[in-house]
Protein chains: 2
Amino acid sequence: MTRETETLPTVFVVDDDAAVRKSLERLLRSEGYRSESFASADGFLERWRPDPAPGCLVLDVEMPGLDGLQLQQALHLSGAAIPIIFITGHGDIPRSVKAMKAGALDFLTKPVRDEDLFKAIQQAFSWDRRQRAERAERDAVAERFAALTPREREVLMLVVRGLLNKQIAFELGASEKTIKIHRGRVMQKMRVPSVADLVRAAQKLGLQPDVSQPPA
Amino acid sequence: MTRETETLPTVFVVDDDAAVRKSLERLLRSEGYRSESFASADGFLERWRPDPAPGCLVLDVEMPGLDGLQLQQALHLSGAAIPIIFITGHGDIPRSVKAMKAGALDFLTKPVRDEDLFKAIQQAFSWDRRQRAERAERDAVAERFAALTPREREVLMLVVRGLLNKQIAFELGASEKTIKIHRGRVMQKMRVPSVADLVRAAQKLGLQPDVSQPPA
DNA sequence: CTGCCCATAGGACCAAGGTCCTATTTCGCA
DNA sequence: TGCGAAATAGGACCTTGGTCCTATGGGCAG
């Protein structure tokens with residue numbers, strides 16, 4: 001499952017101009033990058049699947065059909081997180097600003113200096129690796145969290161808020177004994193050896209300790 | 001200490017063109033914003049002090065002396081965190097991208113639509129408020145942390161990593177008894193009522209639990 | 001209708017955390 | 001040179017947390 005072709009990051013090129021695609025592909029291959037080209041945003045959307053494909057997107061801004069910015073937004077809405085490097089021939093500042101605000105990693109103007117492109121791609125790969133590592137961790141924690149019963153989740157929240165078993169028992173209207181049992185199972189199922197780690201696990205899931213933070 | 005003029009956010013305008021400054025000031029005042037204008041980056045740097053001044057910077061890109069991007073960088077290096085809205089007459093895409101990468105909130109082109117400017121300012125103010133709130137919280141925690149003795153800091157780190165007193169004692173070559181004392185003082189001095197809160201406090205300071213995270 | 005999961009909880013017991021009080025040693029500063 | 005802060009630690013004692021085993025009752029799917 002870890003064949004080289006799957007872990008090697010790929011540069012996905014989307015540009016309506018066949019000549020540009022060819023030239024980019026040649027350039028990228030000459031530098032040892034794996035690349036795949038698409039003539040349109042739709043073509044890319046059809047073929048690309050987020051899961052197994054680490055890499056980045058090199059995206060032309062001006063295209064018939066969905067343009068670059070629209071594809072960026074579409075990917076955003078679908079929850080896909082692939083770093084995007086825009087390339088434009090006749091772009092303007094508002095477009096570039098919009099793209100950057102929407103999280104683009106870079107926005108290069110033609111003629112693109114090879115060096116700039118390679119640098120951007122390197123940063124994009126590095127960003128993608130970090131992103132994927134975080135994502136994988138979060139997913140692992142989320143899976144464990146999903147295996148908790150509703151009651152166990154309530155207990156988890158209150159433990160993370162720093163309450164004592166006694167207080168949790170009161171909050172939930174159960175006996176301290178019962179809380180201890182739930183709590184023990186929470187620690188087991190979440191596979192954390194300490195409350196400190198449980199707090200961090202909860203944070204990876206975006207679980208807020210509500211508006212507590214006692215006035216000391 | 002909470003006089004209105006100090007808590008009202010201010011729009012700081014830096015532009016070398018007196019006519020532009022006048023017109024921006026008029027526009028801002030008409031919308032009820034407090035504003036201050038400067039003819040140069042240096043003038044701004046001399047007068048502006050980060051602490052008491054919530055607000056944002058509306059910054060011309062093209063200026064004699066330090067230009068907008070250079071001022072942005074100077075502020076960055078000095079650790080100042082004020083949201084920046086760029087305005088440009090003849091900017092180009094690379095400049096706009098550079099500004100956005102460096103954290104600019106927006107990058108508007110002349111002629112600026114009033115509506116766009118106001119929107120950007122609102123976002124900038126909101127960003128600044130959040131930023132300041134976070135900063136204040138972090139500073140408060142940092143102050144308490146600074147009051148810890150070296151040994152107490154060591155104990156704190158290990159507690160946050162989720163170690164038992166016994167294990168901490170071994171790590172530090174002290175008796176469990178001593179660790180308990182340090183630990184108790186850490187909780188007092190940091191003014192947290194629980195380990196969960198201590199973990200969060202440590203995170204606000206950017207204290208990493210090293211490369212632990214046991215393999216369960 | 002019969003398991004199975006979930007939530008409940010008591011008893012017993014031990015480990016871990018926390019807090020008194022007391023006491024010693026080492027350092028650096030006044 | 002003496003005083004205070006920091007680090008050390010033992011004794012005593014209580015609270016909390018955690019884990020056995022056992023047991024009951026509700027709800028749901030096979």
Side-chain angles (χ1 to χ4, degrees), chain A residues 142-202 205 207 209 212-216, chain B residues 141-203 205 207 209 212-216:
Chain A
E143 197 178 338
R144 290 173 207 152
F145 184 74
L148 299 182
T149 69
R151 201 54 159 173
E152 284 162 358
R153 263 169 239 174
E154 293 184 289
V155 172
L156 181 147
M157 295 300 293
L158 297 176
V159 170
V160 165
R161 272 184 224 172
L163 299 199
L164 302 178
N165 286 342
K166 195 189 291 187
Q167 299 171 309
I168 297 172
F170 178 77
E171 283 277 329
L172 300 184
S175 83
E176 198 181 334
K177 202 73 235 302
T178 306
I179 301 307
K180 281 188 182 181
I181 292 165
H182 288 315
R183 183 175 181 152
R185 270 204 268 273
V186 166
M187 300 299 281
Q188 267 187 25
K189 288 188 180 177
M190 295 300 290
R191 301 214 211 141
V192 287
S194 69
V195 178
D197 289 288
L198 188 68
V199 169
R200 282 185 283 268
L205 298 177
L207 299 179
S212 61
Q213 208 71 5
Chain B
V141 175
E143 197 178 338
R144 290 175 208 151
F145 184 74
L148 298 181
T149 69
R151 202 53 160 174
E152 283 162 0
R153 262 169 239 174
E154 293 184 289
V155 172
L156 181 147
M157 294 301 292
L158 298 175
V159 170
V160 165
R161 272 185 224 173
L163 299 200
L164 301 179
N165 286 342
K166 195 187 292 185
Q167 298 171 309
I168 298 172
F170 179 77
E171 284 276 331
L172 300 184
S175 84
E176 196 181 336
K177 200 70 234 305
T178 305
I179 300 306
K180 282 189 181 181
I181 291 164
H182 288 315
R183 183 175 181 153
R185 270 204 267 274
V186 166
M187 300 299 280
Q188 267 186 27
K189 289 188 180 177
M190 296 299 289
R191 300 213 212 142
V192 287
S194 68
V195 178
D197 289 288
L198 188 68
V199 169
R200 283 186 282 268
Q203 281 180 334
L205 298 178
L207 300 179
S212 61
Q213 210 70 6

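Side chains included, hydrogens not; waters and symmetry mates left out as well; all remaining heavy atoms used. Letters A, B, ... are given to chains in the order of the sequence lines, protein chains preceding strands, and every chain is numbered from 1.
Considering only heavy atoms from C-beta on, A:L172 comes within 4.5 Å of A:L158 through its side chain. A heavy-atom distance below 4.5 Å is found between the side chains of A:P193 and A:D197. With a 4.5 Å cut-off on side-chain heavy atoms, B:I168 and B:H182 do not count as touching. Contact annotation: the side chain of A:V195 never approaches that of A:V160 to less than 4.5 Å [non-hydrogen atoms, C-beta and beyond]. Contact annotation: the side chain of A:L205 never approaches that of A:R144 to less than 4.5 Å [non-hydrogen atoms, C-beta and beyond].
Between A:Q188 atom CD and C:dC6 atom P the separation is 13 Å, expressed in whole Å. Taking atom CD of residue A:Q167 and atom P of nucleotide D:dT16, one finds them 9 Å apart after rounding to whole Å. When rounded to the nearest whole Å, the span between CZ of A:R185 and P of D:dT19 equals 11 Å. Residue A:L158 contributes atom CG, which lies 16 Å from atom C1' of D:dG17 at whole-angstrom precision. For the pair A:R153 CZ and C:dC6 P, the interatomic distance rounds to 11 Å; values are reported in whole Å. Atom P of nucleotide C:dT8 and atom CD1 of A:I168 are separated by 13 Å, given to the nearest angstrom. The CZ-P distance, from B:R151 to C:dC27, rounds to 15 Å in whole Å. Rounded to an integer number of Å, the gap from A:M187 CE to D:dT19 P is 9 Å.
The phosphate of D:dA6 has neither OP1 nor OP2 within less than 4.0 Å of any side-chain N or O from B:H182. Between C:dC5 and A:T149, no contact under 4.0 Å exists linking OP1 or OP2 to a side-chain N or O. Note on A:R183: every side-chain N or O is 4.0 Å or more away from OP1 and OP2 of D:dT19.
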Base, backbone or nothing for each nucleotide of nucleotides 9-16 of chain C, written B, S, -, heavy atoms under 4.0 angstrom, 5' to 3'? BBBB---S
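Taking the charged nitrogens against the carboxylate oxygens, B:R185 and B:E152 do have a contact shorter than 4.0 Å, which makes a salt bridge.
Here CZ of B:R161 is found 10.5 Å from CG of B:L207. Values are rounded to the nearest 0.5 Å.
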